[in-house]
Structures are given as structure tokens and as C-alpha cells.
Amino acid sequence: MYHKFQPSRAAALAALEAFLPQAGRRYTEQRNFDHGPDNRANISMLSPYIRHRMITEQEVIKRVLSRHRFADAEKFIQEVCWRTYWKGWLQMRPSVWAQYQADVASLSRPAGYDAACAGTTGIACFDAWADELKQTGYLHNHARMWFASLWIFTLGLPWQLGADFFYHHLLDGDPASNTLSWRWVAGLQTAGKTYLAQADNIAKFTNGRFSPKPFVHGPGPLMEMPIAPTPIPAALPLPKGAVGLLLTEEDLHPESLDLGSLRITALAAATLPPTRSAMVSGFAKAALGEALARSAALSRASSTMLTSFESDDVIAWAQAHKLKAIVTPFAPTGPVSDQLAAIAPVLAAAGIALVPVRRDWDSAAWPHAAKGFFAFKEKIPGLIGA
């Protein structure tokens, strides 16, 4: 039976507690095996919750270190920190996100694209993964790498369209991790270094569920000019007095957000238009609604699920509650960040300040993502106090 992700913090915490005994050496030894969608006991299945920060990276790592030595759990902790690293890398290179979006909008859908999305290529493992992704909203990380390699180098399809296909269907697909992982497979993240799926590797790590013939790989790594990072700006100061809190799908644990002495008098949540699969959009909206209800119960402030993420609806909510300032958890580079940037000047013209609140974790970690993950990895013990 396929694993079903429940869109609540309670489910996230339960999943974390259930996984804790496996987070040390057992995870390190077993994590690369894809046993299929009905057997995920060797991996955490926490990524949809971490992606939306229903549980935070710090929270997960703290719980793991309460049960395991850092040396034993280092591999799992690194996997958690990959998401932080990707966010920081993209935050310092927003042009990569903008170019990716432009490419997805402008690229034609070449021959073979429809078959790849439908899972009818004739490559048994690839087709099974396409079906699994659409049915469950999830793929094992190793399968994601194999799939992306076959998409790019065997089927000869643009990596951008593959990343878009994943983003459309993955419950844990965030703009940074998804986009940059596809770029890594294509050879753009580490210049000249691609990830090529090998038939014997697939047979080994699927325990023979798939035994493909050797693949024919097409052209070599893609090339682009190096993209220099730009510094992470300082976090903005908090406004004073009574404010509204606007939640988005990027951060659904406002209880741990440092809001100082602010008094939250009204809560609202805004969802992106449902351009992703019904499963992904529905999960994000339900998780957002659950966080809104949880926050309202704690703050005893009125709460509203906005009918849209457009400036008119945000302004109407703010004016109804006589708000001059709205705080919102900082949204890393991606669709939510783009939307907040689009409505902020309109709100400002209406006399309403929109202030993103960045977590200390991000402020401390992101500047270390200027180069490759190896350099970032060296900073992890200091970040987590290990």
C-alpha cells in the first residue's frame, strides 16, 4: 500500500518520531535502496513536511541528535541540510530561477515529451517511476536521479521540462531543491560533471525489481558561464506594535518564528493558483489551512483564508483589520517570493508595509552556500552546535 502523507504538523511530528531509531547508521547503510512505493522503511519520508516547514530543519536535527551521535547520524543530517544549501545557493543567484521559468514557458514540447510524462517510453523503470510520481506525489531520491538522467541523456529531453514535470507532481518539490537537483544531473551545477544512470546500479539498488539493459547516453554535460553569487541582504527590522501575520506554503510553523514583542491582531493565509497537480495543490492548501487554524488557536486572533494571493484581497483583509503592517515568514526564491515581490509595492502604495521575517537558521546558513556543497558541509557542525 502506498504511503499517504497527511497535511498536518501532528502527522509530521509522528513521522519524525517513528523514524528516529533509524536515523543513525542504519539510514547511512540503507538509504540508497529503492524498495518500491510500498516499502519505505529505510528512509524518513519527512521531505514534504520539511519542504513546507511544518517541521523545521533545526527541529529535525535536534531530535535526531537527542538519539544519535553526530558521527552516526551525519549522513542523514547532511541530507536535511541539502535543502538549506540549495535554498541559499539559489537565493544568491535568483537569475537562475528567472531563466528556468523563462525556459519552461518558451521551450517547445519535443517528440518524446508526452510519452515521458505519460510513462509510455518503453523503458520499464522510467515508466514505473513516472506512474509512481503521479500516483503518490513522491519518488525515492535515487530514483529521482536515475529518472532525471534518463530524461536528459537517454530520451534527449530538456532538463527544464523534466524539472517542471517533477515540480508539478512532487509533494516535496520546492523551487531550489528541485530546479538545482535537475541542473546537477545535467552537469550545470558542477561544471562538466553529470550524473549518468547505469543499468547495473539500478538493478543493485532496486534489489532486482528492475534489470534494464545498458542505456545509450546522448550528448555530454551542458555548459554555461559561471554565475557569481550576490550577497544575502541583511534581514529587515520588525515593525512595531500590532500587525497582521500572512502565512504562505513556504513556512508553516509560525509558532517558532521570532516575532519579538509584536502583537498579532489578525491572521491570513494565501495560496498560489492551483497550477500544480491536484494532489500537490491540495496538500499545500490543506497544510496551510491547518497551520492557520493552529496559529489562530494559539494567538486568539481572527483568521482568514484569502480567496486569492492578489494584492486586492490582501489589501481588503488588511484594511478590514486596520493594519498598517503585515509580517510574513521569509519566502526563499520561487513562486511565493515572486508573488510577494509583486504585491509589496501595491500594498505600500495603500499605506501597508509587507515585512518578511527571516529565520536565524537561514541567515546563518545561506551565506555558506556560495560555492559547492562540500564547503557548506564543513560548516554544518557549527550551524547545529555539534
Worksheet item: What class does the angle between the rings of Tyr100 and Trp159 fall in, given that below 30° is parallel, 30 to 60° is tilted and above 60° is perpendicular?
Response: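 The rings of Tyr100 and Trp159 lie parallel, inter-plane angle below 30°.
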
Item to complete: Could you tell me whether Asp174 and Arg51 have a side-chain N and a carboxylate O separated by less than 4.0 Å?
Response: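 No, Asp174 and Arg51 are not salt-bridged.
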
Worksheet item: Between Arg9 and Glu59, does a salt bridge (Lys or Arg N to Asp or Glu O under 4.0 Å) hold up when you go through it step by step?
Response: CA-CA 12 Å; Arg9 174 164 165 78; Glu59 185 177 18; 2.6 Å; yes

Counting the benzene-type ring for Trp, do [X] and [Y] have ring centres under 6.0 Å apart?
X	Y	value
Phe126	Trp129	no
Tyr113	Phe165	no
Trp366	Phe330	yes
Phe153	Phe215	no

Practice prompt. Report the C-alpha distance between Ile352 and Ile326 in whole Å, list the side-chain angles of each, state the deciding distance to 0.1 Å, and finish with yes or no for side chain to side chain contact (heavy atoms under 4.5 Å, CB included).
Written response: CA-CA 7 Å; Ile352 304 164; Ile326 299 169; 3.7 Å; yes

Fill in: Geometric cation-pi criterion Arg144 and Tyr138, 6.0 Å radius, 45° cone
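The answer is yes, since Arg144 meets both limits relative to Tyr138.
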
Discussion item. Taking CZ in Arg31 as the centre, count heavy atoms belonging to other residues, nucleotides or ligands within less than 6.0 Å. Is the count above 12?
Written reply: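 Yes, enclosed.
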
Practice prompt. Please check if any side-chain donor atom of Trp361 sits under 3.5 Å from a side-chain acceptor atom of Thr56, or the reverse.
Written response: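 The criterion, which ignores hydrogens and geometry beyond distance, is not satisfied for Thr56 and Trp361.
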
Worksheet item: Going by atom types alone, do Arg93 and Thr333 pair a side-chain donor with an acceptor below 3.5 Å?
Response: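 On atom types as modelled, these side chains do not qualify, holding no pair under 3.5 Å.
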
